[in-house]
Amino acid sequence: MSRHGANPLLPGSGLIAILGAGSLGRLWAGYLPAGKVAFIPRHNATVDAGVESLSYRLQRFDGSALSVTVPWLDSSATPPSVLLVTTKAGDTLDALQSTLPDLPPAMPVVLFQNGMGSQQAVAERWPHQPILAASTTEGANRPEPGRTVHAGKGETWVGPLTDNATSLLSAVVQALTASGLRVHPETNIQQRLWDKLVINAGINAFTALLNCRNGDILTHPFYLEYIGTLCTEIAAVLAAEGGQPLAPEAIRRRIETVARSTSENTSSMLSDRQQGRTTEIDFINGYVARRGRVHGIDVSVNQMLTQRVHQLLPHS
Ligand code: PAF
C-alpha cells in the first residue's frame, strides 16, 4: 500500500489493523474504508493456508446490507498505522503478547475491552507503546457466523492511557472517523471507563444470574435485596480511586435509567452465558472488588456477584 493518504503523525502505511474478528471488530472493519483495514490473525486461530481474507454480511444501522471482505494482514509487507484491539477482556494480554512483536513500536494501540483492568494491564506491560482506550456505546451482534448486525447506533470516546499516546490522540480519532461512526477525543478516558463500568456492574451480573432481560431485574427480589449495598460499595471505591465522586443514590439512578431504556435487551453477560462463553465478570464486579480490597473497603456484594457468576459456567 502506498503512503498516499496516510496521516503524517502516524507511523506506517495508513492501514488500520484489527485484532479480534468478533462482532465489534467486524463492525469497525465494515464501516472503515475498504482497502484501509485488515484483520490480524490470532496466532492460536486457524487461518486456512491460502485464505487471504474474511468475508461476511454487515447489516448497517440504516437497514442496508453489504458484503464485506477484509484481508488478513501481512505485517511485514504493510506495517499498520493503528491497531484496534476488539478481543474479549480476558483474552487481550495473550492476544497482544503474540501479535505486538511483529508490529511497529510507535504504532498506537486502541483498546476496546469492556469493564476495566485489562486496559491497565496492557499499559503496564507495554509502557513504551502508545496505548489508548476506547469506550463505545455502538451495539453489534452476530446472529449467525456469516452475518453481523449493527443493532445500536452509538458513540465512541478515545483517550490516551500512556503519556506517549497523548500527542497521537487527534490523529487516531481522525483515522477512526473515516468509518462514518461518531468518534470523539476524550482526555479523561479513565472516567469514561468508570462511568460505563458502574452501569455494567449494576446490570450485567443480575441479568446473567437471573437469566432475564435488562428491564426485568428492576422488580426482582434478588436485585432489590442487593442493589442498595452494591451502589454504596461502588461509590466508596470510586471515591477512593480519585474519580468523579457519585452518591450511591445517583449511581442507582444511572443504573436503573439504562436498565429501563434497554429493558428488552439481552445483556452482553447473559449472552455470553447463553452461548457458553467465558464472561467478563472479572473485569466488571470483579474489578470493583479488587480495587475495593486494595483500599480496605467492604466489597462483599461485588465479591458475591463475581463468585456466583463464576459458578454459573464451568469455564467462567
Ligand atoms: O453489556 C451490555 O450489555 C450493555 O453495556 C448494557 C448497558 C448492560 C446494555 O445491555
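The figures here come from the full heavy-atom set of this structure, side chains too, leaving out hydrogens, waters and symmetry mates. None of these values were measured; they are calculated from a predicted model. Just so you know, ligand 1 is whichever comes first in the structure, and atom 1 is the first atom listed for that ligand.
Shown in contact with Asn204 at under 4.0 Å from a heavy atom are these atoms of ligand 1, numbered in order with element: 1 (O), 2 (C), 8 (C). Listed by number with element, the atoms of ligand 1 under 4.0 Å from a non-hydrogen atom of Val258 are 7 (C). Proximity to Asn214 (heavy-atom distance under 4.0 Å) selects the following atoms of ligand 1: 9 (C), 10 (O). Listed by number with element, the atoms of ligand 1 under 4.0 Å from a non-hydrogen atom of Ser267 are 3 (O), 10 (O).
Salt-bridge check for Asp282 with Arg290: failed, with every basic side-chain N at 4.0 Å or more from each acidic carboxylate O. Ionic pairing of Glu241 and Arg291 is present here: one or more N-O contacts between side-chain nitrogen and carboxylate oxygen are shorter than 4.0 angstrom.
More than 12 non-hydrogen atoms from other residues, nucleotides or ligands lie less than 6.0 angstrom from CG of Asp62.
For the pair Ile18 and Ile40, the minimum side-chain heavy-atom distance is 4.5 Å or more. For the pair Asp91/Arg42, a side-chain contact is recorded, criterion being any heavy-atom separation below 4.5 Å from C-beta on.
Nearest non-hydrogen protein atom to atom 5 (O) of ligand 1 is Asn200 ND2, 2.9 Å.
Residue contacts with ligand 1: Ser268 is placed with a nitrogen or oxygen under 3.5 Å of a nitrogen or oxygen of the ligand (distance criterion only).
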